[in-house]
Each structure stands twice: as structure tokens, then as C-alpha cells.
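Quick note: residue numbers are just sequence positions, from 1.
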Amino acid sequence: MNSYLMLEKLAARKEDYSTAYTYSKRYSRIKDSIDNLQTKEEINRLEVKFETLEKEKTIKLLKIENLNKSLNIKNKDAAIEKYELQKAIIAKQNENEVLQLQNRAEKRKSEIAILKEKEQLKALELDREKTIKYIVLGAFFILLVPTIGLLVIYYQKLQAQSLLNLKEKEVNAQRVNSLKKDQEIKIIKASIRGQDLERKKIAQEMHDSIGGNLAAIKLQFSQLSNHPDKAQLIYSQLDDTYEQVRNLSHNLLPKKIRENDFVSLITEYIKTVQEASNIKINIHFYDEEKINTLNKILQNELFSIFQELTTNTLKYADADTIDIQLDLLNSCIFFMYEDNGKGFDVSVTTLGIGLTNIKNRVNDYDGTLHIDSKINRGTSINIEIPLEQK
């Protein structure tokens, strides 16, 4: 792809537009093919993952439903057993009362009958103790089953709470990432506001000092024919105005541009953006030494273009990767910027303030700007600036 792109540019420089068009079609065909393959692979992977998750969810629901049914059946059986035991206890109690009445009547008849009745009572007492023991054991088992059921339900609740905690951690992580992105956007906006204030200050300085000097010089020129002796004063005012323009131009450059190498400045800015967001930025320079020797004003313009494109990607593209290539070849700057975001329709969408400012900056240097973007395919921006014009 890069080879076809360079061949296209070389053919265009030679004004062989037919060959350049052929290379352009080959470049676009390969790029679209790669993008389509990547899109299909991602869709297939997501479909398989979705189907697997749905099957696992169905299996878990079936297991929970079967467990609930079995617990309901056990609870019903336990209730029936308890009811039967209660009936047996009541019957035994009634039978004992009848036996006690009979024993009292028999005591009055004879002592022998009383002895026999005592023996019968002892036998009945033993039976009653056995019955009570059986009742106690039955009650113990009846209480044990619901206890086990409660423990199972409590374990299920613990599992559900654990899953809920994991989900909350994921949501909190997403919120942290969102706050980081918002913070980065606020920093960029603050930088832009600072630049606007600096521009207003410079405009006021030009209006008050340089504008005043030029108005005075114009007035002196209008009176030069009547007062030739004022020529020296006009020359002095011109020198003063030139010195003010020179100082003002020097102040236009930010301190970071004046005191740092351009490549190091861009690299540091990329590091800051990556730490404040989840975007991976890949950047390549050629030739770094020549790029660092570019005119400081041009370096400032390139840095502003880089900031504007990065800001647009953070705010609108929803991308996770940015690829940048900055080359200086044959007295010409080649700047390529690509992201894998959601893109936009170039034929429908109008250029915003940011892209319009970039276009104006490039036009000031007789350069060319090309924007290639499609929905769900990312955005590619290519800039060429000749160094011989300025």
C-alpha cells in the first residue's frame, strides 16, 4: 500500500496522471480488501462469542430451575411426614388416657389386677418412650432438610453477589476511562483558550502600537511634499515599526516550540495523550535531523495540525489506534494521519472549524490536503507541503 501511494505521488509530480490514477486504484483496492477481511474476522469472532455466552446462560437457568423443583418436592414430602407423625402422637395420647381410666377402675377391683395393669402400664410406657424417640428423630430430619435448602439458597445468593461485584468493577473501570478522556479534552480545550487569549493580546498589540505607527507614517507621507524635512522622521518611524513587527513575530512562537526539538516535542505529547486515554499511537519520522531544522513557524503550524487531528479523534472517532507518518523528502513534507475509528461520509459531512483551520494552514504554505473517510472504516488524512514556496 505504501509503495503504491509513493508511486502515485511520484507519477503525479511527473504529471503522468493516468499512471497516478492506476496506482491510486491499486492502493484503494488493497486497503479496502484488508479492511473488509478484518471486519469479517471480527464479526465472526463476535458471533461465536455471543452464541457461546447464550448457551452457557441457558444451561445455568435450566440447572437453577431443576434445583428449585427438587427442593419444592422435598419440602412437600417433609410436610406430609410431619402431619402423619402429629396424627400418630395424638392417637397415642388418646389411647393412653383411655388406658389410665381403665387402670384406675381395675385397681378398685383387685390388687392382682392392679399388678397386671402396672405391668401393662410399664410396657406401654416403654412403647411411648420409643415413640417419642422416633418422633424426635423425625423432627430432627424434618428440620435438617429445610436447613440444607437454606444453605443452598444462601450459596446461590453469594454467587450472584460475586457476579454483581464483578459487573460493578467493570462499570467503575469504564467510568474511570471516561473521566480520563474528559480530562484530556478539558486540557486540550484549555490550551486552545490560552491560544485564543494570546491571539487577542497580539491583535491588540498590533492595533495599538503597529497600527498607530503606520497611521502616523501615512499622515507624514501625505505632508511630505510640503515638509521635505520630515523624511528622516518617517525613516525613523519605519525602523521602529519594523522592530516592533520583528519582536511580535518572535513572540508568536510558543516557548515549547522555541526551546525544544520538534520530534521530541511531538513524542512527549503522544506520551501524554496515551497516558490519559486508551488510544495507542504509532508515529514514524524521516529524516528526524532535517525535521528538527525546519523553520520554527512551520513547526508551530505542524504541531497545531497534529493537536487538532488528535483532538478530533479523541472527541468523535471512538478509535483505539492512530498511525502517523511524517517524512521530509526532496524539499517536501509528507504528513499522513490515520485512525481506525467510526469515520464519516466525506460527501455528506461538512468540514468543521478544526478541519477548516487545518485546510487554511496548509493553503498558506501552498500545500495540498486530502481527506479519505468512510463509515466504520476510519479516517485517513494526507498533507503535502512544499518547502521551496515559503
Asks: Shortest non-hydrogen contact from P386 to Y365?
Replies: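 Minimum heavy-atom separation between P386 and Y365: CD-O, 3.8 Å.
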Asks: Is any side-chain N of the basic residue among K359 and D364 closer than 4.0 Å to the acidic one's carboxylate O?
Replies: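 Salt bridge absent between K359 and D364.
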Asks: What side chain to side chain donor-acceptor pair (under 3.5 Å) pairs are there with at least one residue in residues 34-49, not counting sequence neighbours?
Replies: E42-R45
Asks: What residues, two or more places apart in sequence or in another chain, satisfy side-chain contact (heavy atoms from CB on, under 4.5 Å) together with S264?
Replies: D261
Asks: According to salt bridge (charged side-chain N to carboxylate O under 4.0 Å, His left out), does anything in residues 338-356 pair up with another residue at least two apart or in another chain? List the pairs.
Replies: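 Residue pairs passing salt bridge (charged side-chain N to carboxylate O under 4.0 Å, His left out), neighbours aside: K31-E338.
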Asks: List for me each residue that meets side-chain contact (heavy atoms from CB on, under 4.5 Å) alongside T321, sequence neighbours excluded, and say none if there are none.
Replies: N282, D323, N340
Asks: Would you tell me whether Q159 and Y155 have side-chain atoms, one donor and one acceptor, within less than 3.5 Å of each other?
Replies: yes
Asks: Looking at S24 and A20, would you say the former's side chain and the latter's main chain have a donor-acceptor pair under 3.5 Å?
Replies: no
Asks: Looking at N295 and I297, would you say the former's side chain and the latter's main chain have a donor-acceptor pair under 3.5 Å?
Replies: yes
Asks: With a cut-off of 3.5 Å and sequence neighbours excluded, list every side-chain donor-acceptor pair involving residues 124-134.
Replies:
residue : atom : partner : partner atom : Å
T131    : OG1  : D127    : O            : 2.8

Asks: May I ask you to check whether Y337 and T313 show a side-chain donor-acceptor distance below 3.5 Å?
Replies: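 Per modelled atom types, Y337 and T313 side chains form a pair under 3.5 Å.
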Asks: May I have all residue pairs that pass side chain to side chain donor-acceptor pair (under 3.5 Å) and include part of residues 52-61, sequence neighbours excluded?
Replies: none
